Amino acid sequence: MSNFAKPENALKRAEELINVGQKQDALQSLHDLITSKRYRAWQKPLERIMFKYVELCVDLRKGRFAKDGLIQYRIICQQVNVSSLEEVIKHFMHLSTEKAEQARTQAQALEEALDVDDLEADKRPEDLMLSYVSGEKGKDRSDREVVTPWFKFLWETYRTVLEILRNNSKLEALYAMTAHRAFQFCKQYKRTTEFRRLCEIIRNHLANLNKYRDQRDRPDLSAPESLQLYLDTRFEQLKIATELELWQEAFRSVEDIHGLMCMVKKTPKASLMVVYYAKLTEIFWISASHLNHAYAWLKLFTLQKSFNKNLSQKDLQLIASSVVLAALSVAPYDQTRAASHLEFENEKERNLRMANLIGFNLEPKLDRGDVLSRSSLLSELVSKGVLSCATQEVKDLYHLLEHEFLPLNLALKMQPLLAKISKVGGKLSSASSVPEVQLSQYVPALEKLGTLRLLQQVSQVYQTLKIECLSSMIPFYDFSVVEKIYVDAVKHNFIAMKVDHMKGVMLFGNLGLESDGLRDHLTNLAESLNEGRAMMYPPLKGASKLGEILPTLADTVDKEHKRLLARKSIIEKRKEEQERQLLEMEREEESRRLKLQKITEEAEQKRLASEYEQRKNQRILKEIEERELEEAQALLQEARSRKKGKKPLLEGEKVTKQSLMELALSEQLRERQEMEKKLLKLARTMDYLERAKREESAPLIEAAYQQRLVEERVLHEHNQQLEVELSQQRHEGDLKEKNRLARMLENKMSFQERVLHRRQSEYDRRTAEREEQISQMIQARKHEREAKRKKIFYVRSEEERLRKLHEEEEAHKREEAERKRKEEAERRAKLDEIAEKQRQRERELEEKERLRKEALLGRPAELPRPAEPRPVEPAVAAPAAAAAAAAPAPGKYVPRFRRGGTEPAAQTPPDLDRRASRPDDRPPPSSDRWRSDERRPPTFGGSKSSWSSSRVPSRGSER
């Protein structure tokens with residue numbers, strides 16, 4: 001594997017190898033470059049490399065190399081430049097097609113050259129034996145060797161491109177174009193095997209698209225553009241299948257189109273649906289499904305009549321005739337009678353599928369005969385007016401077969417009508433999507449229907465008829481054909497008849513056939529023998545064992561039936577449970593797979609992003625280094641080339657990039673100055689030359705101008721003379737025309753008066769009607785406004801009444817709240833007054849108690865508090881004053897001999913000392929306690945002694 005610094009180097013190397021005839025080596029080198037992990041970022045040179053790569057692949061017919069290279073290139077440019085991939089693929093297909101066309105032009109016999117059943121199959125053993133045994137090679141074999149490989153390579157090209165572009169939302173148009181070109185290839189060269197494979201490939205692509213919905217760049221079928229592309233591809237597939245007469249593949253294409261419509265829940269355009277039903281008519285006619293064929297024609301007629309505005313009356317008549325004849329061609333009895341229940345269910349399911357394809361939605365509970373039947377189809381043709389649009393011959397034939405009763409000459413009257421109908425047909429001019437309509441295709445089915453109707457009517461009239469007479473009544477067929485027809489009718493219980501060839505007569509009626517009698521003769525013999533035995537040996541009078549068993553037989557059968565039903569329900573429940581478990585397991589497996597795939601994709605994206613950044617940084621660094629190296633080499637080469645005549649560079653001198661750049665810049669500056677001097681000198685010379693040329697050319701230009709004036713004056717006079725002559729001629733012609741038209745002036749005026757009078761009368765009548773309508777509208781609007789005004793007045797008065805009631809209620813509520821608030825304030829004031837009186841009594845009692853205790857202990861009494869003065873007795877006040885005078889001031893030193901006293905009354909109590917040390921404006925501790933007491937609600941249930949007893953311990957604890 002060769003390593004190249006740049007992709008351009010690989011391209012140059014490949015071109016060199018091509019020039020020396022080594023295309024395989026050139027292809028291998030480009031393949032190594034494209035598949036290398038080194039060049040995963042898209043660059044413009046990679047596109048040129050891919051063009052050369054696909055050219056080599058086409059020249060060497062290397063389809064595998066082309067596929068690998070295109071897949072790698074798709075990975076490179078999927079998220080960056082998808083248009084580059086599109087151009088490369090278009091170039092690839094163009095080269096393949098061109099080579100195939102060249103090979104085809106070289107071959108002399110294309111049909112013999114392409115006589116290969118399968119392009120993908122290798123050479124057969126007999127071909128190899130023939131090539132070795134036969135010494136001479138014929139022209140057919142040489143053509144096969146020249147043309148077939150190129151067409152095989154072209155087929156591989158289409159498959160490769162479709163595989164690369166599948167499930168790619170950005171290249172949907174190219175995918176559709178490739179599919180169309182592949183279809184045309186199959187059509188042009190009658191490649192039926194390849195067409196089947198192509199249809200299967202496209203079908204698998206759509207199935208994978210619906211199966212893996214979490215793919216990146218997945219096409220969205222709900223988008224109108226994507227849906228239209230997919231539908232166009234399927235309709236093209238349907239057209240090519242019918243043209244190649246691959247009816248099985250055409251039916252599968254119809255199912256694909258129907259499945260696509262059901263998938264996206266959208267109906268295609270009417271033009272596409274016309275093609276859809278036109279192809280369905282061909283498919284059903286080939287498959288001998290006449291009932292579905294008739295329903296498809298009915299749908300086609302409805303679409304053409306509703307959406308084709310350019311449909312002429314002749315074409316509409318021809319389509320309606322086809323619909324009626326297709327309905328009449330349906331057999332009057334059901335030909336698909338199932339022998340077993342399974343066959344009946346399969347037939348029912350098949351009919352449901354056909355009805356869905358045609359566009360009739362049936363319920364599975366209904367039988368086929370309830371909706372899709374000949375009788376309902378004929379009644380629908382009459383109700384929708386299809387029969388009225390048909391030709392007169394078709395109408396007469398319809399009435400003759402469905403409503404007339406002519407057992408003797410029915411076929412004779414049908415014969416001229418069928419002869420006329422067989423001549424009607426042709427290509428429709430205004431319905432290009434509908435194929436050529438030929439009514440002659442329905443003649444055999446109509447002849448068979450006429451034969452059946454004649455036999456049915458004859459069976460209602462005659463019991464016996466000679467074969468010769470019946471043959472003369474039916475001119476369409478020989479009696480052998482008629483015999484096959486009536487045998488099939490008898491088989492399906494349409495008529496009851498049999499033929500006696502010995503007597504040469506036909507017997508009609510409900511007669512049993514001879515085979516029926518022979519079939520039951522053993523049963524009849526057994527019944528007769530049992531009757532005879534019973535007569536010879538009569539049964540006993542007593543009850544037999546069978547009589548004992550019979551009463552309980554019904555219960556046993558009922559129990560067994562119930563047991564079987566229960567077993568069936570249990571089996572169904574088990575099946576449902578098993579299916580539910582399987583679905584649950586599949587759902588869990590799918591969720592795990594999606595989660596794992598999401599994690600893998602995220603890790604892959606992170607890895608790719610990191611690799612991309614790393615490659616980008618390495619590429620930038622390498623480009624910078626290469627650029628600097630190239631610049632240094634260029635400067636060095638330039639410096640070496642300028643050594644001649646200048647100061648040479650020393651061998652031992654160290655040459656650096658900076659020095660070389662400075663030397664190059666100085667040389668460039670010098671050269672630029674010399675070039676500017678040369679240009680200035682050249683400009684001065686050119687100025688002198690231009691001035692000289694203009695001085696010499698001035699008189700010549702003036703002379704040419706004067707000559708031009710003279711020529712134009714002569715030409716103007718000549719043209720003016722011609723214009724005057726033409727004007728005179730036109731005037732004379734206009735006068736003659738006026739004289740000729742003057743005779744019709746009176747007729748014109750009379751006609752104009754009649755038209756104006758008619759229009760004036762019409763205008764007056766419409767004006768009067770308009771005024772009458774306006775007056776009625778004015779009255780109606782006036783009544784409406786009056787009613788609306790009354791309604792508004794009523795609503796406003798009702799709102800005003802409700803508002804006044806609401807205001808009165810609010811005022812009443814406010815008054816009640818104010819009254820309650822005043823009562824509450826009065827109650828609280830009374831309570832406060834009672835509490836204040838009680839507190840006053842408590843203080844008095846407490847003060848008395850304190851004075852009593854102090855008197856008992858012999859302590860001086862406290863001075864009364866300034867806020868609450870109390871009267872003190874004189875006997876107690878005097879000692880207290882003396883003790884206060886004798887007490888030392890707080891904070892002053894007192895000797896020990898002075899501090900020691902014999903009387904305890906001389907000592908200052910700690911409680912008085914604490915009170916004396918507080919400032920005057922600070923209340924005593926008892927006042928805080930009284931305030932806290934005031935916050936509590938007063939208690940009115942106790943006596944004075946209880947209050948005093950509760951307060952005395954608190955005072956002692958304070959001391």
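Just so you know, these numbers come straight off a predicted model, no measurement behind them.
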[Y] versus [X], side-chain donor and acceptor atoms under 3.5 Å:
X      : Y      : answer
Glu172 : Ser226 : yes
Asp315 : Ser312 : yes
Tyr175 : His205 : yes

Residues two or more places apart in sequence or in another chain: which of them pass side chain to side chain donor-acceptor pair (under 3.5 Å) with [X]?
X      : result
Glu86  : Lys90
Ser287 : none
Gln438 : Glu436

In Å and rounded to the nearest 0.5 Å, what is the [atom1] to [atom2] distance from [X] to [Y]?
X      : Y      : atom1 : atom2 : value
Asn617 : Lys622 : CG    : NZ    : 14.5 Å
Tyr53  : Lys62  : OH    : NZ    : 11.0 Å
Thr192 : Ile240 : OG1   : CD1   : 13.5 Å
Glu163 : Asn204 : CD    : CG    : 9.5 Å
Tyr158 : Leu198 : OH    : CG    : 10.5 Å
Thr157 : Met93  : OG1   : CE    : 9.0 Å

> Do Lys190 and Glu245 sit within salt-bridge range, that is, some charged N less than 4.0 Å from a carboxylate O?
Replying inline: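 No, no charged N to carboxylate O under 4.0 Å.
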> So, are Glu590 and Arg593 salt-bridged, with charged N and O less than 4.0 Å apart?
Replying inline: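 Salt bridge flag = yes for Arg593 with Glu590.
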>> Using the rule given for salt bridge (charged side-chain N to carboxylate O under 4.0 Å, His left out), can you reason through Glu613 versus Lys616, listing the C-alpha separation, both sets of side-chain angles and the distance that settles it, and then say yes or no?
In response: CA-CA 5 Å; Glu613 291 294 333; Lys616 184 178 178 181; 5.3 Å; no
Smallest separation among heavy atoms of [X] and [Y], with atom names:
X      : Y      : value
Ser96  : Val58  : OG-CG2, 3.8 Å
Leu272 : Phe235 : O-CE2, 3.0 Å
Cys199 : Phe183 : SG-CE2, 4.5 Å
Ile319 : Phe301 : CG2-CD1, 3.8 Å
Ala250 : Thr242 : CB-CG2, 4.0 Å
Thr600 : Leu596 : OG1-O, 2.7 Å

> Which is it for Glu249 and Arg197 under the salt bridge (charged side-chain N to carboxylate O under 4.0 Å, His left out) test, yes or no, and what are the steps along the way?
Replying inline: CA-CA 10 Å; Glu249 199 61 43; Arg197 287 176 180 168; over 6 Å; no
> Would Lys23 and Leu27 satisfy side-chain contact (heavy atoms from CB on, under 4.5 Å), going step by step from the backbone distance to the final call?
Replying inline: CA-CA 6 Å; Lys23 292 186 177 181; Leu27 178 63; over 6 Å; no
Holding to ring-ring contact (aromatic ring centres under 6.0 Å, His included), I want the full list of residues that pass it with [X], two or more places apart in sequence or in another chain.
X      : answer
Phe51  : His91
His180 : none
Phe251 : none
Phe65  : His31

>> Looking at Phe284, is its backbone amide N or carbonyl O close enough to the side chain of His293 to form a donor-acceptor pair, meaning the two atoms are under 3.5 Å apart?
In response: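 Side chain of His293 to backbone of Phe284: no pair is present.
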> Do Ser610 side-chain atoms and Arg607 backbone N/O form a donor-acceptor pair below 3.5 Å?
Replying inline: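 Yes; judged by distance alone, with no hydrogens or angles, the pair exists.
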> More than 12 non-hydrogen atoms from neighbouring residues, nucleotides or ligands closer than 6.0 Å to CD on Gln248, yes or no?
Replying inline: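 12 or below, so no.
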> Considering residues, nucleotides and ligands other than Arg64, do more than 12 of their heavy atoms fall under 6.0 Å from its CZ?
Replying inline: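 Atom CZ in Arg64 is not packed in, count stays at 12 or less.
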Can you list everything that forms a salt bridge (charged side-chain N to carboxylate O under 4.0 Å, His left out) with [X]? Sequence neighbours excluded, please.
X      : value
Lys305 : none
Glu87  : none
Arg196 : none
Lys52  : Glu55

> Hey, mind stepping through Gln228 and Asp232 against side-chain contact (heavy atoms from CB on, under 4.5 Å) and telling me if it holds?
Replying inline: CA-CA 6 Å; Gln228 189 62 36; Asp232 291 342; 3.0 Å; yes
Donor-acceptor pairs are to be reported for all side-chain atoms of residues 66-77 against protein atoms at under 3.5 Å, with residues two or more places apart or in another chain.
{"unit_1": "Tyr73", "atom_1": "OH", "unit_2": "Trp42", "atom_2": "NE1", "d": "2.9"}
{"unit_1": "Tyr73", "atom_1": "OH", "unit_2": "Ser84", "atom_2": "OG", "d": "2.3"}
{"unit_1": "Arg74", "atom_1": "NH1", "unit_2": "Ile164", "atom_2": "O", "d": "2.8"}

Pairwise side-chain contact, [X] with [Y], heavy-atom cut-off 4.5 Å (strictly under):
X      : Y      : result
Lys99  : Phe153 : no
Met50  : Leu85  : no
Tyr276 : His258 : yes
Trp247 : Glu282 : yes

> Between Ile202 and Arg234, does a side-chain contact (heavy atoms from CB on, under 4.5 Å) hold up when you go through it step by step?
Replying inline: CA-CA 9 Å; Ile202 296 177; Arg234 294 309 186 278; 3.3 Å; yes
>> Could you check whether Arg61 makes a cation-pi contact with Trp150, meaning its NZ or CZ is under 6.0 Å from the centre of the six-membered ring and within 45° of the ring axis?
In response: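 Here Arg61 passes the 6.0 Å and 45° test against Trp150.
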>> Quick one, Gln237 with Asp256, criterion side-chain contact (heavy atoms from CB on, under 4.5 Å). Give me CA distance, side-chain angles, the key distance, then yes/no.
In response: CA-CA 10 Å; Gln237 174 182 332; Asp256 292 343; 3.9 Å; yes
>> Determine whether Glu623 and Arg619 satisfy the following criterion, salt bridge (charged side-chain N to carboxylate O under 4.0 Å, His left out), listing intermediate values before the conclusion.
In response: CA-CA 6 Å; Glu623 287 179 357; Arg619 179 174 55 82; 3.3 Å; yes
> Is the distance between the ring centroids of Trp285 and Tyr442 under 6.0 Å?
Replying inline: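 Between Tyr442 and Trp285, which both carry aromatic rings, the centre distance is below 6.0 Å.
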> Stepwise, does the salt bridge (charged side-chain N to carboxylate O under 4.0 Å, His left out) test hold for Arg159 with Glu194?
Replying inline: CA-CA 10 Å; Arg159 290 192 59 176; Glu194 283 73 24; over 6 Å; no
